[in-house]
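A short worksheet on the structure shown next.
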Amino acid sequence: MQFRNLLGKFIRMTAAPAECARARNELLTIEAPRVEDGAAIWRIARNSKVLDLNSSYSYLLWCRDFAATSVVARDEHGEPIAFVTGYVRPERPQTLVVWQVAVDDAHRGEGLAARLLDALTERVAAGQGLRSVETTITPDNTASNRLFTSYAQRHDVAVEREVLFDGDLFPEDAHLPEVLYRIGPFGA
């Protein structure tokens, strides 16, 4: 552990920013979240300033009940720095719904969200099969649009888009529509 800390400090002092990001990514671990990660995941979601923030309690439940369909990235100290939460649709057991994706400010722009999404779908596919991925994105969320469009391109599958929930269905006055992205089929 001490060697990793020294290595990280050395890399930060001597390397260019792109090299630092690459070295940091190599020290990351990606795994299922644990209940004790709930608070950190809630903070990452809150600090994103783009996600609909759920209650802190819901993130604890998510880490307990949906850990098999979610992932967290940990830094060299074991602290969560990014996450993807998801669940399997009960009526479509080979469809993974990605609920939220967020990366801590200090780690954005390193391709971490894409790595997490790939790791999660690979794990779900291995465990129970995977025919499609679904998510919803508001029209103004350019980063998520790019993430899921590039995901489909990397995996050579189609993306279908349609409005799932019109903005007027939400209790807030100014909620944009949620557009359903249906990605797949995989293994066709």
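Because only heavy atoms are used, hydrogens play no part in the values below, and waters and symmetry mates are left out as well, while side chains stay in. Remember, predicted model here, so these are calculated numbers, not experimental data.
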Item to check | Residue pair His175 / Asp168, side-chain donor-acceptor N/O under 3.5 Å | outcome: no
Indicate yes or no: at least one non-hydrogen side-chain atom of [X] is less than 4.5 angstrom from one of [Y].
{"X": "Phe83", "Y": "Val101", "value": "no"}
{"X": "Asp52", "Y": "Glu178", "value": "yes"}
{"X": "Ile137", "Y": "Phe148", "value": "yes"}
{"X": "Glu162", "Y": "Arg182", "value": "yes"}
{"X": "Ile183", "Y": "Tyr151", "value": "yes"}
{"X": "Asp37", "Y": "Val35", "value": "no"}
{"X": "Leu164", "Y": "Val179", "value": "no"}

Checklist entry - Thinking salt bridges, do Arg43 and Asp104 make one under a 4.0 Å N-O criterion? => result no
Checklist entry - Does a side-chain N-to-carboxylate-O contact under 4.0 Å join Glu134 and Arg89? => result yes
Checklist entry - So among Val98, Val71, Thr121, which one has a side-chain contact (heavy atoms from CB on, under 4.5 Å) with Leu116? => result Val71
Next on the checklist: Using the rule given for salt bridge (charged side-chain N to carboxylate O under 4.0 Å, His left out), can you reason through Glu79 versus Arg74, listing the C-alpha separation, both sets of side-chain angles and the distance that settles it, and then say yes or no?
Outcome noted: CA-CA 5 Å; Glu79 296 300 317; Arg74 297 180 190 286; over 6 Å; no
